[in-house]
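All ligand and atom numbering here is 1-based and tracks the order in the structure. Here the structure is a predicted model, which is why all the values come from computation and not from measurement.
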Amino acid sequence: MTYQDLPSNKLNDKPGLIPRQMMPENMESPLNNILTWITPNELFYTRNHLPYPTINLESWVLSLGGDFEKPISFSYAQLKQMPKVDRYVTIECSGNKRGLMEPPVPGEQWQIGAVGNAKWTGVPLTYILDQAQIKDTAVELVFTGADSGIRPDMDTNVNFERSLPLDKTLLSECILAWKMNDEPIPYKHGFPLRLIVPGWYGMAHVKWISRITATSSPFKGPFQAIDYVYITNEGDYDNALPVTEMKVNSIITWPSKGERIHLGQHTLRGLAWTGKGTISRVEISMDDGMSWNAARLTSPEHEPFTWTFWEYLWDISIPGHYSLLVRAFDNKGQIQPKAAPWNAKGYGNNSIHQISITVPQILH
Ligand SMILES: Nc1nc2c(c(=O)[nH]1)N[C@H]1C(S)=C(S)[C@@H](COP(=O)(O)O)O[C@H]1N2
Ligand SMILES: [Mo]
């Protein structure tokens, strides 16, 4: 009997999420084993700060309050009757690749899989805002999620809440989504309603959204002012810069780190994405960065706000250990750095992705 014939091998033909933390649930997408441009809902990463909320759809409403001329609320049925848009959006957690940061930082030790691509369907945010009419006194919109709990650094109960500036272009791109890949948004991804902020890191895309508040002063909630800021020294909030748009980033998905592959022809594969621009070029190095080769961009769709597949045909004639690198460029002139600026909370790690592989003389 060979290894391939073992009955247990048959049980492993379906990829699953990779757990990082169970309570609250934080799971990474198995990107080395997903070959579709759209991440299937059941393999989309989950990132939660608090216990899952209880949602009762009969009594659930989205309410708009604070600095609005006409505070108003909508039921799920009403939202579904409104004009809708579809948009493909790649969402990356700002902590993605934190586990690869040097020197290490505390927090979820994400490898490469806290990122996914989905089709989101819902009501344009501006359609809702127009009905409630933002007052001139307002400076920000605060989006409140239904999930609440105790943070380790506070003793009062808090909801997950995030704000957005009143930037016309930004707001015009946002969606209040009730569908993910043509299904009602799965509970773990924000059922019944989730904010989508194309081009921004994951924390902006508030799940289980229940309230929108227009405020006349900048919002300072813990998920805005303590988390999701770039700081170099722990506690140095005076020099904090907010985490907002995604930086240009890319990964190798095949081969995976540490893999042994045979001599001859191979197609190296991976993904590249960026915030507001589009990917213009992806380069691969097989010699630890001494020389670079242009990869082919092979996405089925070239849309803003989404990732692209890349591939590169490699003919290996010499056995050995290889250090493979990938770096992406976007049309706004962003390039991936060799090492992203280190920060105490480990956000925005878009350092060039490196993996080591082995090509033995004979592969057993
Ligand atoms: N209500 C709520 N929304 C949330 C979060 C959360 O904990 N609660 N996590 C945010 C973060 S940090 C990320 S990366 C994304 C993850 O979305 P997903 O779990 O659907 O992948 O949701 C964002 N929205
Ligand atoms: Mo995140």
Side-chain angles (χ1 to χ4, degrees), residues 17-21 23-31 34 38-55 60 62 89-99 107-110 112-120 122 142-152 157-164 174-181 183-212 221-224 226-230 242-247 249 273 275 345-349:
L17 287 164
I18 305 160
R20 294 279 163 234
Q21 193 189 339
M23 284 284 270
E25 188 182 305
N26 285 290
M27 311 272 260
E28 183 158 341
S29 198
L31 290 184
I34 300 177
I38 293 284
T39 313
N41 286 355
E42 64 280 8
L43 294 180
F44 203 97
Y45 78 99
T46 59
R47 202 303 176 228
N48 298 295
H49 299 76
L50 303 165
Y52 284 121
T54 310
I55 303 288
W60 181 90
L62 170 70
V89 176
T90 295
I91 303 180
E92 180 187 20
C93 177
S94 52
N96 193 27
K97 293 180 166 180
R98 180 188 284 124
E108 304 299 320
Q109 295 300 300
W110 302 109
I112 58 172
V115 53
N117 187 42
K119 176 184 176 187
W120 307 94
V142 179
F143 298 84
T144 306
D147 48 335
S148 71
I150 306 273
R151 283 169 56 100
N157 222 53
V158 283
N159 283 72
F160 185 88
E161 289 183 298
R162 291 275 317 172
S163 76
L164 288 179
C174 291
I175 302 173
L176 292 168
W178 46 273
K179 273 186 168 180
M180 178 179 184
N181 295 331
E183 288 170 16
I185 290 205
Y187 171 67
K188 291 181 175 183
H189 296 291
F191 180 85
L193 196 69
R194 161 178 216 167
L195 178 66
I196 297 295
V197 187
W200 281 44
Y201 278 116
M203 72 284 142
H205 305 238
V206 181
K207 303 191 277 189
W208 310 291
I209 174 179
S210 59
R211 195 165 64 235
I212 303 176
F223 297 102
Q224 190 84 26
I226 301 175
D227 298 343
Y228 303 111
V229 288
Y230 294 110
V243 175
T244 58
E245 285 174 25
M246 297 191 289
K247 302 188 209 169
N249 214 338
W273 62 92
K345 291 174 182 255
Y347 298 127
N349 184 4

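- The ligand atoms of ligand 1 that sit less than 4.0 angstrom from a heavy atom of Cys93 are 14 (S).
- Of the protein's heavy atoms, Tyr45 OH, 3.2 Å lies nearest to atom 14 (S) of ligand 1.
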Discussion item. Set out, in order, the CA-CA distance, both residues' side-chain angles and the distance that settles side-chain contact (heavy atoms from CB on, under 4.5 Å) for Ile38 and Asn181, then state yes or no.
Written reply: CA-CA 8 Å; Ile38 293 284; Asn181 295 331; 3.4 Å; yes

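- Close approach of ligand 1 to His205 is summarised as follows: ligand atoms under 4.0 Å from at least one heavy atom of the residue are 22 (O), 23 (C), 24 (N).
- Arg211 places no side-chain N or O within 3.5 Å of a backbone atom of Phe143 that could act as its donor or acceptor partner.
- Residues Thr144 and Ile209 are not in side-chain contact: their nearest non-hydrogen atoms beyond the backbone lie 4.5 Å or more apart.
- When only modelled atom types and interatomic distance are considered, Thr90 and Asn117 share a side-chain donor-acceptor pair under 3.5 Å.
- Below 3.5 Å of separation, one finds an N or O of Arg194 facing an N or O of ligand 1.
- Lys207 N, 2.9 Å is the protein heavy atom nearest to atom 3 (N) of ligand 1.
- What sits closest to atom 7 (O) of ligand 1 on the protein, heavy atoms only, is His49 ND1, 2.8 Å.
- Of the N or O atoms in Trp208, none lie within a sub-3.5 Å distance of an N or O in ligand 1.
- Ligand 1 has no N or O atom lying under 3.5 Å from any N or O atom of Lys188, backbone or side chain.
- Within the 4.0 Å heavy-atom shell around ligand 1 one does not find Leu50.
- Against a heavy-atom cut-off of under 4.0 Å, Val206 is close to the following atoms of ligand 1: 3 (N), 24 (N).
- Residue Pro51 comes nearest to Pro24 through the heavy atom pair N-CB, 4.5 Å, listed as atom of the first residue, atom of the second, then distance.
- Using modelled atom types, one finds a donor on one side chain and an acceptor on the other under 3.5 Å when comparing Arg47 with Asn26.
- Here is the list of ligand 1 atoms found below 4.0 Å of a heavy atom in Asn48: 7 (O).
- Residue contacts with ligand 1: Tyr228 is included, with a non-hydrogen atom under 4.0 Å away.
- For ligand 1 and Phe44, the ligand atoms under 4.0 Å from any heavy atom of the residue are 21 (O).
- In terms of N/O distances under 3.5 Å, ligand 1 is approached by Arg47.
- Shown in contact with Asp147 at under 4.0 Å from a heavy atom are these atoms of ligand 1, numbered in order with element: 1 (N), 2 (C), 6 (C), 7 (O), 8 (N).
- Ring pair Tyr52/Tyr187 is tilted by interplanar angle, where 30° to 60° counts as tilted.
- Residues Asn48 and Lys207 have side chains that bring a donor and an acceptor to within less than 3.5 angstrom of each other.
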Worksheet entry | Residues Glu28, Glu108; criterion side-chain contact (heavy atoms from CB on, under 4.5 Å); working and verdict | CA-CA 10 Å; Glu28 183 158 341; Glu108 304 299 320; over 6 Å; no

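- Taking every heavy atom of His189 and a limit of under 4.0 angstrom, the matching atoms of ligand 1 come to 18 (P), 19 (O), 20 (O), 21 (O).
- Phe223 carries Arg151 over the face of its six-membered ring, with the cationic atom under 6.0 Å from the centre and within 45° of the normal.
- Counting protein heavy atoms only, atom 23 (C) of ligand 1 is closest to Gly202 O, 3.3 Å.
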